[in-house]
Amino acid sequence: MVLFAISLVAALFSCTSLVLSHPAVPTAGVLQWSSYEMGAMISWNIDTMAGIQGCQPTSIKAMPDPDLFNGAADVDFESWARLMQVTGIKYSVLTVKHGCGFTLWPTKVTNIPGLDHYNYTIQASSKLAGRDLVGEYVAAMKKFGIKPGVYYSLGSNMYLGVYNRAFPTNESIPMPGQHFITEDAYYEVVLQHMLELLKGYPDLSEMWFDGGVPPTIKDKLVDAFKTYAPDTVIFQGIGVTPNAVRWDGTESGHPSQEMWSMTSATGVPSPNGTVWYPAECDTTVQNSDEWFFDPHATARSLEELKSVYVDTVGNNCNLMLDIAPDKNGTIHDEETYDALGDFLSLCYPSDVSQYPASVSDPPISPENVATLTFKSPMAVDRVVLMEDQSAGQCVLAYTVNVHVGDAVAAQLTEKWIGHKRVLLLPHVMQRVTAVSVAINAQQADCKPKLALIAASMCQYH
């Protein structure tokens, strides 16, 4: 019989600096978040209604009129959730307040020095006053099994004259509708908004802090999340919660940094990391990095999005894929999301037993080898590995050897596995007679446990 096998051998680095004496360990909340793999960044706020990608201090549209939201009275949040289901998206984050400062919930923040009442909100829309769009969104997501989260811009709020953490000066002149307040007063608004969101919408899966956490209210945020949302994952939330996740450093969908689940105390990815701080990779479906709906933007190709998946989910990074509804709440480019979902369900089935060949929780031999052997010959163009990270990220180096007969036909040397790695072979390897596939793995600094070894042929899907 001709033997066609893939062997994965994870070997210790000879460099002793890579051996961890106390490896970082994830919380149950972050471990669950990693299992979702794909989320949606829903870019829909007053920016959409004004036809802009964000409020700029020099733009005549810096303070869009709340009545621009009147056309969205019939928004169908459930249609968003249905599209996510088809695409394979498990959680979502809605821009409940972007840089313009407009809130999609009826905030009741009052008695802030220099600001009697925060009135740049959905309540100021003549046709949507009395509605809570955040509450409607959360209910729709939960109805369809999508974990709801929210995005909140900490560093910019044009309503209050704040842009990229630059505050108004004595020489600043407010535009009509703007209210200038002090830095201390601004961060009190932020804190009050956080409390409204955490208390008003329990069990949020993720809080997206765009702009990082301001040190002036960090301790109060720590208390707020510990009290009201202890399991909520916070994007860029290092130091605020043990459930923190980091940015991958690019919005292209093709990160270049090493994707360890661990980082240094300052957030630098490292096999020596002492903090569990996995990455989230955000990118757009519209071309040219367009986050909010642009009627003139084209969609990225399916082939490009396939590559994005490999470089993000297949590289130990949750993929945050943008969805940009139009002014009415209608999602365009549905066929792109549908096609991506179809491909992913065929190539990377959520039911791992549907892979052409797979083994869950494979045993690791005393020689630090795990093996998958196919029952019958097949063509292969990729290997999928998943690591059980409940005790930490244990695999620090490994080699994938592809054997045909007694010969090694291909060899891949890698470092991390993490939640999932998709390893593309140099070319399609196929044999039409007696073929078996073996994959082997070895531990590094702590006792490793692989959750899955699978092989697939996806090139022709």
Side-chain angles (χ1 to χ4, degrees), residues 18 20 23-41 88-93 147 149 151 154 205-213 231-284 289 291 305 307-322 344 348 384-390 392-397 414-423 444 451:
L18 292 178
L20 305 176
V25 177
T27 65
V30 172
L31 207 59
Q32 181 67 48
W33 173 88
S34 293
S35 74
Y36 299 151
E37 298 186 346
M38 288 179 61
M41 171 65 73
I89 289 168
K90 299 297 192 298
Y91 67 102
S92 64
V93 168
K147 306 295 183 182
Y151 165 113
L154 286 140
S205 65
E206 182 172 351
M207 174 70 73
W208 234 78
F209 278 160
D210 198 358
V213 178
D231 298 321
T232 296
V233 166
I234 304 179
F235 178 79
Q236 299 192 122
I238 191 169
V240 174
T241 176
N243 305 313
V245 299
R246 63 183 172 84
W247 186 43
D248 68 311
T250 178
E251 294 182 351
S252 67
H254 302 288
S256 59
Q257 60 182 226
E258 294 189 338
M259 283 298 155
W260 298 102
S261 299
M262 309 165 290
T263 74
S264 66
T266 56
V268 178
S270 170
N272 289 314
T274 57
V275 179
W276 195 266
Y277 201 24
E280 187 168 44
C281 300
D282 60 324
T283 194
T284 63
D289 201 33
W291 288 91
L305 293 175
S307 176
V308 165
Y309 181 91
V310 171
D311 288 349
T312 56
V313 177
N315 195 26
N316 191 35
C317 185
N318 274 28
L319 172 58
M320 178 64 82
L321 198 61
D322 185 46
L344 295 179
Y348 311 104
V384 180
L385 306 176
M386 297 180 71
E387 183 177 0
D388 183 337
Q389 298 187 104
S390 56
Q393 189 173 17
C394 297
V395 177
L396 301 185
E414 298 289 338
K415 296 179 182 178
W416 60 90
I417 295 177
H419 173 71
K420 178 180 281 188
R421 284 300 301 270
V422 175
L423 303 174

Trainee: To the nearest 0.5 Å, what is the distance between CE on M386 and NE2 on H419?
Mentor: 3.5 Å
Trainee: Okay, side chain of E206, backbone of G149: is any donor-acceptor separation there less than 3.5 Å?
Mentor: no
Trainee: Does any non-hydrogen side-chain atom of R421 lie less than 4.5 Å from one of V384?
Mentor: no
Trainee: Indicate the atoms forming the closest heavy-atom contact of P255 with D248, along with that distance.
Mentor: CB-OD2, 3.3 Å
Trainee: Nearest heavy-atom pair of V233 and G29: which atoms, and what distance?
Mentor: CG2-O, 4.2 Å
Trainee: Does any N or O in the side chain of Q389 come within less than 3.5 Å of the main-chain N or O of L31, such that one atom is a donor and the other an acceptor?
Mentor: no
Trainee: Would you say E280 and W33 make side-chain contact, with heavy atoms under 4.5 Å?
Mentor: yes
Trainee: Can you list the steps and then say if T241 with T232 is a side-chain contact (heavy atoms from CB on, under 4.5 Å)?
Mentor: CA-CA 9 Å; T241 176; T232 296; over 6 Å; no
Trainee: Looking at A265 and V275, what are the two nearest heavy atoms and their distance?
Mentor: CA-CG2, 4.0 Å
Trainee: Is there a side-chain contact between V422 and D311 in this structure, where contact means two heavy atoms from C-beta onward sitting under 4.5 Å apart?
Mentor: no
Trainee: Minimum heavy-atom separation for P271 to L396, with atom names?
Mentor: CB-CD2, 4.1 Å
Trainee: For the atom pair CD (Q32) and OG (S205), what is the distance rounded to the nearest 0.5 Å?
Mentor: 10.5 Å
Trainee: Can you find a pair of side-chain heavy atoms, one from M262 and one from W276, that are under 4.5 Å apart?
Mentor: yes
Trainee: Assess whether atom NZ of K147 is packed by more than 12 heavy atoms of other residues, nucleotides or ligands within 6.0 Å.
Mentor: no
Trainee: To the nearest 0.5 Å, what is the distance between CZ (R246) and OG (S261)?
Mentor: 8.0 Å
Trainee: Where the side chain of N315 meets the backbone of C317, is there a donor-acceptor pair that is under 3.5 Å apart?
Mentor: no
Trainee: Keeping the roles fixed (side chain from E387, backbone from V395), state whether a donor-acceptor pair exists under 3.5 Å.
Mentor: yes
Trainee: Of Y277, Y91, W208, which meets ring pair (Phe, Tyr, Trp, His ring centres under 6.0 Å) against F235?
Mentor: W208
Trainee: Are the side chains of V313 and M38 in contact, using a 4.5 Å heavy-atom criterion?
Mentor: yes
Trainee: Out of curiosity, D282 CG to D322 CG, how far, rounded to the nearest 0.5 Å?
Mentor: 9.0 Å
Trainee: Below 4.5 Å, heavy atoms only, C-beta onward: do E251 and W291 meet side chain to side chain?
Mentor: yes
Trainee: What's the spacing between T250 OG1 and Q257 CD if we round to 0.5 Å?
Mentor: 9.5 Å
Trainee: Do Y309 and E37 touch side chain to side chain, with heavy atoms closer than 4.5 Å?
Mentor: yes
Trainee: For residues P278 and N318, determine if any side-chain heavy atom of one lies less than 4.5 Å from a side-chain heavy atom of the other.
Mentor: no
Trainee: For the CH2 atom of W247 and the CG atom of D210, what is their distance to the nearest 0.5 Å?
Mentor: 9.0 Å
Trainee: Between the side chains of W260 and N316, does any donor sit under 3.5 Å from an acceptor?
Mentor: no
Trainee: Looking only at non-hydrogen atoms, find the nearest pair between S307 and H254 and report the distance.
Mentor: OG-CE1, 3.3 Å
